[in-house]
Number of protein chains: 2
Amino acid sequence: MLLEKVKQTITKHKLIDYNDTIVLGISGGPDSVCLLHVLNELKEEYSLKIYAAHLNHKIRGIEAQKDAIYCADLCDDMKIPCFIRAIDVPKYCQENGLSIEEGARILRYNMFFEIKEKVNATKIAVAHNLDDQAETVVMRIMRGTGLDGLKGIEYKRDNTIIRPLLDIKREEIEKYCYDNNLNPRIDYTNLEDIYTRNKIRLKLIPYMEENFNPNLKESVCRMANLLRDDSDFIDNEANKAFDNLCEKESERTIKINTQTFSHIHNAIKNRIIRKCISFVIGDLKGIEQKHIEDVMALIHTEKNDLKINLPKGLILYKKNSSIIFTDEEIKSESINYTYKIPKSGYIKIKELNTLVETKILNKEDINLCSDDKYTKYFDLDKISGELEIRNRRNGDKIKALGLGGTKKLKDIFIDFKVSKEERDKVPILCDQKGIMWVVGYRMSEDYKIDTNTKKVLRISIKKL
Amino acid sequence: MLLEKVKQTITKHKLIDYNDTIVLGISGGPDSVCLLHVLNELKEEYSLKIYAAHLNHKIRGIEAQKDAIYCADLCDDMKIPCFIRAIDVPKYCQENGLSIEEGARILRYNMFFEIKEKVNATKIAVAHNLDDQAETVVMRIMRGTGLDGLKGIEYKRDNTIIRPLLDIKREEIEKYCYDNNLNPRIDYTNLEDIYTRNKIRLKLIPYMEENFNPNLKESVCRMANLLRDDSDFIDNEANKAFDNLCEKESERTIKINTQTFSHIHNAIKNRIIRKCISFVIGDLKGIEQKHIEDVMALIHTEKNDLKINLPKGLILYKKNSSIIFTDEEIKSESINYTYKIPKSGYIKIKELNTLVETKILNKEDINLCSDDKYTKYFDLDKISGELEIRNRRNGDKIKALGLGGTKKLKDIFIDFKVSKEERDKVPILCDQKGIMWVVGYRMSEDYKIDTNTKKVLRISIKKL
């Protein structure tokens, strides 16, 4: 019965191939002992080579040595080679600043992968069961998770780590051990967050089973299995969209075009943002949904030339319809340009992709009431020498019309909340005496048209 | 604070438009009283017309009347027209075979929609809060659900029913009522499965908050919000695939091509199957994941001409690389054919798209050891008159080789588990005396090659 169910799991999830060599992690507890026995039963059918691997983590003293002896004897009976290694896990954890759970897990998997190399194995089998799966999913729900967390522990990872007991309940495993006289030891394999997990296992889930659904564990695992498909589907779609949409600019800088991005479904947007963040900082540790939402807001705002800082040194820039994810400050290349302007004619400022048009008019022919920020009139006779248009320079000042007195350009930009990146793009009109017009913002008092004015210079600036 | 949060919810989920007319369901409990007060506060900003609707469901006798009076007075104070209706809910439920929860819900929403028609309203507002949302999601997880259930209660349904309090915790609502002197009545609106819900509200969630996550409700609701996007995305993709792939054959019969289907992702397959089932039987009540998996297996098996029965009179047929979902028996058109076969040559049986090849050989030239089910040898001299190939007929019999005695074809087909639909497609080779070969299954004793045989008829059947 248990054997048949495990075979179904193996077939359904393609866990084992004919001729596989499997390294099995064995603690001596019921789960891993059951899995050892089951794989040994399937040995001929699948033409398997099996190796066992036991880590004595030196946490339980004499009991840990008994675990190791038990594993060695059991494997000996089944004629399965068993690697036993003793590592001072607490010492390792202290030295590396890890929790016992985390350190033990790292050392355990390191050992499995080493042995896998040594014996040329194709798979590593571990013994998580249906109860572990339900507990994991319930724990993740309580802590807060998304689709990716809800799918639970995987049957197979990277076609290497396999979990053939994931559809089997703990009580079935215990019965199997009893029926087959395996006398397993008390299982301490699962050190991971044992206190929280025990409360879930011994209190929360029994309460839920008694009051809401006697088949709670199966229901939760069925949900996880369904969601695994859903998660896989959306991830595939998100990967495709990520590859299409995101330009890798350097090893840790990536760019999204916001206009293409805006047409994508929210579910995919969310994942693309996560992928861009992972690209820059390696993973998503320390990144919360709130931060994803900040990025989303940055993408969707109509403002430009923005910058936000997120945890782990992640920096986001919004420039011309692009979002740049990076971990380096981007110094805006300062644009430098000076153009001589004819008093009547056209000239293009290529740095700004802008056209400047000038014309000399009689005072009677102009319409001073027009409210165009980009067309202005100046008294021709007040202009000294040649006209030019250039970018701002440090120390620039203007005797601003209507404000009285001289004002620094820097202060004008601050008043109008013009970002530093944008400031270089504001054309400054000058003659040989000084600044006549900070285009789009302020004109100078010194060139204004008055009762004595005869000829007028009209100048228009047009974005191309 | 609460008002600001509700406004954010309204904006984020586009719950209210300028100039909306809203019918608000009011029980007299804190949730609906708070929502009434909030909407009244927003009345000018959004230029709203508000109507309240209270159902006295006659379950709580004198208390129910007090609820009604309280609602009428409160609305009066706010100058909001209030519709009050008394319906004998228990009687209605008894007459219609409904549970009290279900009956009360139907009557409540019927009333809301009626009033919406009468006053020409655009929206119906109901007062579910963040706690309701968390409880609903936890309940669904425990009962077993998929992505569709995990997304929880919706902020907006069909652009009509809106839930502006869905991001507000129950304690914030109670504080708001207290701060605004609203003195709500004890809330009995939520009759839905009150016993289970109370256990979740008063026992399970507090236990989870205390032991695992003090912000459990917010975490669960955040998860639901994320999953809502995911669910929406997959549903959109599934709808597109359904429209492309499924041919509606009649009002309640729909067909999928299994070959196109096999290239689709599991997550979409699952949803397409559900949609096909809904198309036939109206909804998915009584259909479990197990049934979906039965359908999946039917689609993926290489066998043809199969039929399975599912609950609610749903019937599935598999015929020539198609799956038909229907609620009507499909009578298979019986195939009828007879072909004269030359003793040496070729002939095609078009009904089966099959080629028959015959050749006369010397006994010495044949290889009797070959194990080809579709190439057989017969003693030419034992054959009487013309050869023919035809479909089975009632009463067909054969003196089957190796079995001794005569056997009915029907019994042979039963032995080999050949479905009724497939039986018509099995070619039967005869001479003028009787049946020589049930192709693929049994040969007759009467034509076998023996020591006296001189000439041999070789006959091969090939699927084209």
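Only heavy atoms go into these numbers, but all of them, side chains included; no hydrogens, no water, no symmetry mates. We name chains A, B, ... by the order of the sequence lines, and we start the count at 1 in each one.
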Salt bridge flag under 4.0 Å for residues Asp167(A) and Lys12(A):
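Between Lys12(A) and Asp167(A) there is no salt bridge, as every charged N stays at least 4.0 Å from the carboxylate O atoms.
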Would you call Glu135(A) and Lys217(A) a salt bridge, taking side-chain N to carboxylate O under 4.0 Å as the test?
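Salt bridge absent between Glu135(A) and Lys217(A).
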Indicate yes or no for a side-chain donor-acceptor contact from [X] to the backbone of [Y] under 3.5 Å, with no hydrogens or angles considered.
X	Y	result
His291(A)	Glu288(A)	yes
Ser322(B)	Lys318(B)	no
Thr145(B)	Ile141(B)	no

Looking at chain A, which one of [options] has the largest number of heavy-atom pairs inside 4.5 Å, strictly under?
options	answer
Met223(B), Arg271(B), His265(B), Lys269(B)	His265(B)
Asn225(B), Asn211(B), Val220(B)	Asn211(B)
Ile268(B), Asn270(B), Val137(B)	Ile268(B)

Taking the cut-offs as 6.0 angstrom to the six-membered ring centre and 45 degrees off its axis, would you call Lys203(A) and Tyr207(B) a cation-pi pair?
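No - Lys203(A) does not lie over the ring of Tyr207(B) by the 6.0 Å and 45° rule.
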Counting only heavy atoms closer than 4.5 Å, note whether [X] contacts chain A via side chain, backbone, both or neither.
X	value
Phe212(B)	side chain
Glu237(B)	side chain
Asn236(B)	side chain
Leu226(B)	side chain
Arg228(B)	neither

Is Leu227(A) close to chain B through its backbone or its side chain, or both, or neither, when contacts mean heavy atoms under 4.5 Å?
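Just the side chain, heavy atoms under 4.5 Å.
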Apply salt bridge (charged side-chain N to carboxylate O under 4.0 Å, His left out) to residues Asp131(A) and Arg201(A) and explain how you reach the verdict.
CA-CA 8 Å; Asp131(A) 290 55; Arg201(A) 180 177 301 173; over 6 Å; no
Taking the side chain as everything from C-beta on, heavy atoms only, tell me whether Ile281(B) gets closer than 4.5 Å to Leu314(B).
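Of all side-chain heavy-atom pairs linking Leu314(B) with Ile281(B), at least one is under 4.5 Å.
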Identify which of Asp230(A), Asn213(A), Leu216(A), Ile234(A) forms the greatest number of heavy-atom pairs closer than 4.5 Å to chain B.
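Most heavy-atom pairs under 4.5 Å with chain B: Asp230(A).
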Heavy-atom pairs under 4.5 Å with chain B - which of Gln289(A), Arg222(A), Glu218(A) has more of them than the others?
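Most pairs with chain B among the choices: Gln289(A).
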